[in-house]
Every structure is written in structure tokens, then in C-alpha cells.
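Report on the following structure.
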Number of protein chains: 2
Amino acid sequence: MQIKEVVAFGHRHFLPNLSIDLVIIGYGDDALQCLLLKVGDKWLLPGGYVKREESVEEATVNILRTRTGLEDTYLKFLAVFGGKDRQFSEVSREFMQKLGMEWSEDYWMNNRFVSLTYYSLVNKEKTHPKISFVDEAFAWFDFDDLPEMWMDHRDIVLTAREQLTRDAQREYSAHNLLPEVFTMPDLHRLHQAIVGSKVDRSRFQKTMLATGLFERLPRVQKTTPGRNPYQYRLKK
Amino acid sequence: MQIKEVVAFGHRHFLPNLSIDLVIIGYGDDALQCLLLKVGDKWLLPGGYVKREESVEEATVNILRTRTGLEDTYLKFLAVFGGKDRQFSEVSREFMQKLGMEWSEDYWMNNRFVSLTYYSLVNKEKTHPKISFVDEAFAWFDFDDLPEMWMDHRDIVLTAREQLTRDAQREYSAHNLLPEVFTMPDLHRLHQAIVGSKVDRSRFQKTMLATGLFERLPRVQKTTPGRNPYQYRLKK
DNA sequence: TCAAAAGTGTTCCTGTTACACCCATGT
DNA sequence: ACATGGGTGTAACAGGAACACTTTTGA
């Protein structure tokens with residue numbers, strides 16, 4: 001694809017100067033993790049642009065789907081990042097060079113962008129990230145072990161982490177982070193990973209069940225020692 | 001000003017397809033009110049655009065200042081309104097006609113816009129709205145007595161109302177809505193107007209004073225019957 | 001001048017809910 | 001050893017009720 005075509009394509013199909021960035025959050029090994037894409041020697045949040053004929057919400061859902069294959073996910077608005085110096089010059093030069101293409105000042109992506117950021121809670125097992133021609137790899141990173149990232153994407157990730165913690169303290173925020181069927185100890189561990197502190201086990205179970213959000217299923221049959229826990233499912 | 005100049009000016013100076021809309025909230029007669037501008041036979045939220053050389057936050061503050069003359073105000077992000085059919089065709093045609101100018105499809109404002117909305121709490125007495133060449137009047141409206149408004153601006157206003165009520169239930173949200181010096185009954189009435197329900201007087205006073213946010217001043221000298229109330233001021 | 005009414009600040013009380021922690025019981 | 005879930009004492013909170021005080025108003 002020639003640069004001029006890309007430029008023209010960008011301007012014709014997308015709202016200029018506006019980008020969507022997603023903090024895609026998964027859960028594994030008792031820790032929250034975040035999906036990042038590698039461009040050059042640094043990492044980037046998955047994201048995209050708003051097509052002229054779609055709403056911002058549709059764009060967000062579409063980006064998430066094309067990036068991860070996920071349909072029915074939990075998406076929540078995070079913040080506007082609108083600093084006057086938010087532009088992709090470095091990133092764009094980096095991967096243009098990698099592709100052997102000539103970097104040009106007026107490449108449409110090499111502009112100032114206002115970024116609308118969202119966070120999404122996903123089931124890692126069901127997530128199948130797709131590499132575009134821009135990025136060379138993807139990986140899940142623990143929130144407290146993030147790599148070097150382009151621009152202010154590290155700030156965005158950390159903002160999402162804080163927001164999720166706050167959200168989890170006043171509402172149920174574990175959507176998609178566990179398999180469809182889970183036990184109360186599972187949920188308890190996840191919740192502790194989200195809020196980042198110990199939570200009383202007995203009270204947690206009480207308050208969770210009191211919400212009425214959960215449907216109790218038969219006990220799991222374990223071989224490990226100890227009483228067999230009930231399984232639960234989110235009521236729809 | 002010729003249309004072509006306006007078009008050129010818009011494209012040169014502003015980020016296209018991105019607008020800022022402000023829900024400016026004041027307080028009077030025990031009710032919350034909202035500042036609107038009249039264009040043609042309907043009303044509109046005050047707003048503006050983001051200059052290429054300023055951040056979104058700076059733009060928001062600047063818009064508020066040029067529209068109301070207010071400096072130091074309380075501004076809070078509300079939501080993104082990003083529907084695919086959000087365009088100003090009607091409004092723009094309306095006031096172009098009024099100005100005796102020819103309406104044209106490619107007038108830069110006659111585009112789809114993604115709107116970043118904020119709400120601001122202001123002191124009505126200190127607010128001096130400025131009419132631009134676009135709008136012909138301004139007025140304060142009670143939230144439950146809104147006029148017909150352009151586009152989805154009514155939704156925006158109602159969203160702001162809900163958000164403010166929620167905010168007031170967990171944090172102090174009366175910034176600027178009262179004069180610098182006020183009494184506890186004043187604050188109590190305001191708080192009830194915000195949350196939209198009766199609040200126990202004695203407990204309210206207790207919790208407000210317990211926050212330590214307030215500085216007690218000498219009693220006011222009244223002419224109305226009853227004990228003279230203390231005055232308070234927000235500690236800085 | 002005096003009593004009534006009305007607005008304000010503060011304390012006390014009571015029932016309820018929330019919270020933190022322990023431990024009995026079942027597998 | 002692990003999971004469930006009951007119990008218990010404490011703290012926080014909501015909502016009144018009561019009361020003290022101050023000032024206007026009207027008889």
C-alpha cells in the first residue's frame with residue numbers, strides 16, 4: 001500500500017484527529033493483566049479510529065472485535081486524553097521504516113490525536129488478539145510490570161487500573177474475567193487482585209450472595225483435600 | 001465575514017469533527033438552573049471547538065471563560081456524545097439564514113461532530129454570558145422546565161443533572177453555587193435542591209462541619225424573625 | 001410590654017445497618 | 001485442609017425528638 005493511498009484512505013474513512021484506545025484487561029495467576037501490542041522497541045495500546053458512518057460506541061465495539069475476536073464484552077469509558085502534543089510522529093516513523101516505507105510529515109496518522117479511552121474486561125482464554133500490519137507482536141503484561149510504552153499510554157493504563165479498583169469497590173466488576181462457571185474462592189481471589197488488598201472471606205461471600213446476581217450450581221467434584229465448593233454463574 | 005473565510009478559518013484553527021459542550025449550572029430560587037443560548041426558535045448548550053495548539057482541557061477552560069467571563073471554575077467531565085448522526089445542519093442553516101448568508105453543504109460547522117461534554121458549577125451573579133454572532137439570547141432554565149433544544153442537547157443536560165445528583169451524594173459538590181459566604185440553612189437548601197429530596201437538617205449540619213471544609217464566621221444580622229445564623233466560608 | 005411564632009444550632013436517643021473477626025461444622 | 005456460613009461485639013449511620021437560644025410580629 002502506498003503512503004498516498006493510506007493518507008487518502010484515512011481521511012476519507014475516518015474522523016481525523018480522533019482515536020480510540022482500549023485498555024483490555026484480563027486475569028491470570030491471581031493478577032490483572034493488560035494486552036499490549038509491540039511496535040518497534042516499545043509497546044502500544046490496541047486502538048483504532050472512528051469511521052465516518054459509525055458512532056463512537058460502534059467504533060469502540062468494532063475495534064475490540066477486530067482486535068480480539070470478542071463479541072459481547074464489558075466496555076467502560078475511561079477518560080479523554082487531549083494534550084496538545086499528543087502525536088504519533090515517533091511511532092509512525094518507527095513502523096514506516098520497518099515496513100520500508102518512506103516517512104512523511106503529512107502522513108495522516110502523523111497528526112495530533114485526541115484519544116477517547118475505554119477499558120474492557122475480557123476472558124483471556126476467549127481472547128484471540130490479531131496482529132495488524134502495524135504491530136509485530138502482542139503480549140499480556142502484569143500491571144505492575146509494564147514495559148516501555150509509546151507516548152502517554154502508560155498513563156492511560158495506570159488510570160484504568162485505578163478506575164477499575166475504584167469501580168470494584170462499589171459495584172460488581174468481574175465481568176468476563178472468570179470463566180462462565182466459577183467458585184466463590186475464585187471470585188474472592190479475583191476481587192482481591194482487583195482491589196489490591198485482602199478482603200474478609202466470610203463477609204465477601206455474604207455480600208456477593210446478597211446481591212442476588214449469582215445462581216448457585218452443584219458443588220464441584222475435587223480430588224484435592226477439603227470441602228467441595230459450590231459453583232456459581234452470573235444470572236442473566 | 002464570508003462563508004469561505006469562515007470555512008477556512010475553522011479548518012485551519014480547530015480540530016475538525018470535535019466539539020466541546022458545556023452544561024453550565026447555577027442556583028437560584030431553591031432550584032438548579034442551566035444556561036442556554038437561543039438560536040432560531042430553539043436552544044443550545046454553550047460550546048466551542050478545540051484549537052490546534054491547545055489541549056482539550058485548555059479549550060474547555062477557554063470556552064467557559066469567553067462565554068461567561070468566569071475564571072476559576074469547577075469543571076467536570078461528563079460524557080462523550082458520539083452518535084453517527086450528530087450534525088448541525090439544522091442549526092447552522094437556521095442561523096446562516098438569519099444572518100442573510102447563503103447556507104452551504106460544505107460549511108465546516110455543518111459536519112458530524114463528536115461532542116465532549118462537561119458540566120460546570122458557577123455562581124449566577126458572577127456569570128456574564130456573552131452573546132456571539134451566532135446566538136441571539138441567553139437564559140437560565142430550571143432543569144424540570146427546559147425549552148425545546150437542538151439535536152441531543154436535552155439528553156446532555158439531563159445526563160448532567162443525574163451525574164451531579166450522584167456526585168453530590170458522595171462528595172461535596174456545591175462549588176460556586178453559593179456566594180462566597182453563606183449560612184448552613186442556605187447550604188442545606190442547596191443540597192436538597194441538588195439531590196432532589198429532603199435531607200435531615202441536624203445530621204446534615206453535623207456531617208458538613210465534620211468534613212472540616214468550612215470556616216465559621218460571625219453571625220449574620222437578619223431582619224427576618226428567628227435566631228441569627230452563623231455564616232461559613234469554604235476553607236482554601 | 002409580653003406572648004406567640006418562627007428560624008437556628010446542638011445534643012441525645014433509638015433502631016438499623018455495616019463491619020471485622022472468630023469459630024463451628026461439613027466434606 | 002479447605003469451604004461454608006452462623007455468631008458476636010463494635011462502630012457508623014439515619015432520622016427523630018427535644019431543647020436552648022434569638023429575633024420578629026402582633027396583641
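Lettering of chains follows the sequences in order, A, B, ..., and the numbering in each one begins at 1.
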Phosphate oxygens OP1/OP2 of [N]: is one of them under 4.0 Å from a side-chain N or O of [X]?
X	N	value
B:Arg201	D:dA17	no
B:Arg216	C:dT10	yes
B:Gln205	C:dT10	yes
B:Arg227	C:dG9	no

Provide, to the nearest angstrom, the distance between the [atom1] atom belonging to [X] and the [atom2] atom belonging to [N].
X	N	atom1	atom2	result
A:Phe204	D:dT4	CZ	P	11 Å
A:Leu187	D:dC2	CG	P	19 Å
A:Lys198	C:dC21	NZ	P	13 Å
A:Arg189	D:dA3	CZ	C1'	11 Å
A:Lys206	C:dC19	NZ	C1'	10 Å
B:Tyr230	D:dT23	OH	P	11 Å
A:Met184	D:dG5	CE	P	8 Å
B:His188	C:dG7	NE2	P	14 Å

Check the angle between the aromatic planes of A:Tyr119 and A:Tyr74 and answer parallel, tilted or perpendicular using the 30° and 60° thresholds.
tilted
For [X], report the nucleic acid contact type (base, sugar-phosphate, nothing); a contact means any heavy atom under 4.0 Å.
X	value
B:Thr224	sugar-phosphate
A:Asp200	base
B:Thr223	sugar-phosphate
B:Lys222	sugar-phosphate

Begin with the C-alpha distance, continue with both residues' side-chain angles, and end with the deciding distance and a verdict on ring pair (Phe, Tyr, Trp, His ring centres under 6.0 Å) for A:Tyr172 and A:Phe214.
CA-CA 11 Å; A:Tyr172 174 75; A:Phe214 302 94; 5.5 Å; yes
Between [options], which nucleotide gets closest to the side-chain atoms of [X]?
X	options	value
A:Tyr232	D:dG5, C:dC19, C:dT10	D:dG5
B:Leu209	C:dC21, D:dG5, C:dT10	C:dT10
B:Arg203	D:dG15, D:dA3, C:dG9	D:dG15
B:Pro225	D:dT23, C:dT8, D:dG5	D:dT23

Hey, does the side chain of A:Thr117 reach the backbone of A:Ala79 with a donor-acceptor pair shorter than 3.5 angstrom?
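Judged by distance alone, yes, a pair lies under 3.5 Å.
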Return the 5'-most residue of the pair A:Arg219, B:Asn228 with respect to DNA chain D, ranking by each residue's nearest nucleotide.
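The residue whose closest nucleotide sits nearer the 5' end is A:Arg219.
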Mark yes or no: B:Arg219 above the aromatic ring of B:Tyr230, with NZ or CZ under 6.0 Å from the six-membered ring centre and no more than 45 degrees from the axis.
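Relative to the ring axis of B:Tyr230, which defines the angle, B:Arg219 lies inside both limits.
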Test: A:Glu215 and A:Arg233 ion pair at under 4.0 Å
yes
